[in-house]
Amino acid sequence: MSDELQLQQDAITTVREFFAALELRAVGEALELLDPDIVWKNTSLPDVRGIRRVGGVLRGLDRPMFGFRVDMHHIAGNGDIVLTDRTDYLRFGPVEIGFWVTGTFELRDGRIVLWHDHFSWENFIRGAAVGLFRAAFARR
């Protein structure tokens, strides 16, 4: 395997491991995959800069009433750049919101230095409505 192909596979593996750690609520493990100068960007939301701040947001979601999971539809890499096409699911108590996300990850020295997610607020609101409906009418 060429060095470039190995670098690409390593970058994809790092991103997959990052999401796996988040799903397992292993925030410490997820943070180990981030560069200290990480920048986390989300569509129309303020950037979160630095591992301390990103860690604070992720730890804030690490409560029994919250949950996160992801369905990875596609993942592709080119050197230290990884693109994802996925559905993210955020759970707030009994309400789970599923919404489409594309992400761009840039890695430096094997760690994620940029996490840039793009999503549609319309799709998020639709997912929230579906989640509320399912929670309200779930069989008990």
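Throughout, residue positions are numbered sequentially from 1 according to the sequence presented. Treat the numbers as computed from the prediction; the structure is a model and nothing was measured.
Residue-environment remark: CZ (F66) exceeds the threshold of 12 foreign heavy atoms within 6.0 Å. With a 6.0 Å radius and a threshold of 12 heavy atoms from other residues, nucleotides or ligands, D109 has its CG atom at or below the threshold. Annotation for E23: atom CD counts as buried by contact number, over 12 foreign heavy atoms lying within 6.0 Å.
Cluster membership check: V15 shares its hydrophobic cluster with V48, using side-chain heavy-atom separations under 4.5 Å among Ile, Leu, Val, Met, Phe, Trp and Tyr. Hydrophobic clustering (side-chain heavy atoms under 4.5 Å, transitive across Ile, Leu, Val, Met, Phe, Trp, Tyr) groups F19 together with L33. By the criterion of side-chain heavy atoms lying less than 4.5 angstrom apart, applied directly or through intervening Ile, Leu, Val, Met, Phe, Trp or Tyr residues, W121 is grouped together with V101 in one hydrophobic cluster. Residue V130 is not grouped with residue I97 when hydrophobic side chains (ILVMFWY) are merged at heavy-atom distances under 4.5 angstrom, including chains of intermediate members.
With values rounded to the nearest 0.5 angstrom, H74 atom NE2 is found 11.0 Å from T84 atom OG1. With rounding to the nearest 0.5 Å, the separation of CZ in R108 from CG in L114 is 10.0 Å. One distance of note links CZ of F99 with OG of S120; it measures 10.5 Å at 0.5 Å rounding. The CZ atom of R86 sits 4.0 Å away from atom CG of D117, with the distance rounded to the nearest 0.5 Å. If you take CG on L31 and CZ on F18, they are separated by 7.5 Å, rounding to the nearest 0.5 Å. Atom CG of D88 and atom CE of M72 lie 8.0 Å apart (nearest 0.5 Å).
Contact check for T104 versus I81: side-chain heavy atoms found under the 4.5 Å cut-off.
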Carefully, step by step, assess W40 and V57 under the rule side-chain contact (heavy atoms from CB on, under 4.5 Å).
-> CA-CA 10 Å; W40 180 13; V57 172; 3.5 Å; yes

Just do the side-chain contact (heavy atoms from CB on, under 4.5 Å) check on T102 and L83 with the steps written out, would you?
-> CA-CA 7 Å; T102 59; L83 304 177; over 6 Å; no

Evaluate the side-chain contact (heavy atoms from CB on, under 4.5 Å) criterion for residues F105 and I75: first the C-alpha distance (whole Å), next the side-chain angles of each, then the deciding distance (0.1 Å), finally the verdict.
-> CA-CA 11 Å; F105 295 82; I75 188 166; over 6 Å; no

Would you check, one step at a time, whether the test side-chain contact (heavy atoms from CB on, under 4.5 Å) holds for L34 with R111?
-> CA-CA 5 Å; L34 302 180; R111 292 190 174 197; 6.0 Å; no

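In this structure, H116 and H118 have tilted ring planes: the angle between them lies in the 30° to 60° band. Relative ring orientation between F137 and F133 is described as tilted, the plane-to-plane angle lying within the 30° to 60° band.
Of all non-hydrogen atoms in P94 and A135, the two that sit nearest each other are O-CB, 3.6 Å. Among all heavy-atom pairs drawn from I12 and A76, the shortest one is CD1-C, 4.0 Å. The two residues I112 and I38 have their closest heavy-atom pair at O-CD1, 3.3 Å. Nearest approach of A21 to E29, heavy atoms of both residues: CB-CB, 4.1 Å. Taking every heavy atom of both residues into account, F119 and L45 meet most closely at CZ-CD1, 4.4 Å. Counting all heavy atoms, side chain and backbone alike, V95 lies closest to G131 at CG1-C, 3.8 Å.
A distance of 6.0 Å or more separates the ring centres of F68 and Y89.
Side-chain N or O atoms of T87 include none that pairs as donor or acceptor with a backbone N or O of D71 at under 3.5 Å. Between the side chain of R52 and the main chain of P36, no donor-acceptor pair closer than 3.5 Å is present. Although no hydrogens or angles enter the test, the distance criterion places a donor-acceptor pair under 3.5 Å between the side chain of D35 and the main chain of D37.
Shown are R134, R91, R69; of these, the salt bridge (charged side-chain N to carboxylate O under 4.0 Å, His left out) with E96 is made only by R69.
Side-chain contact annotation: W115 with N42, donor-acceptor N/O pair under 3.5 Å absent.
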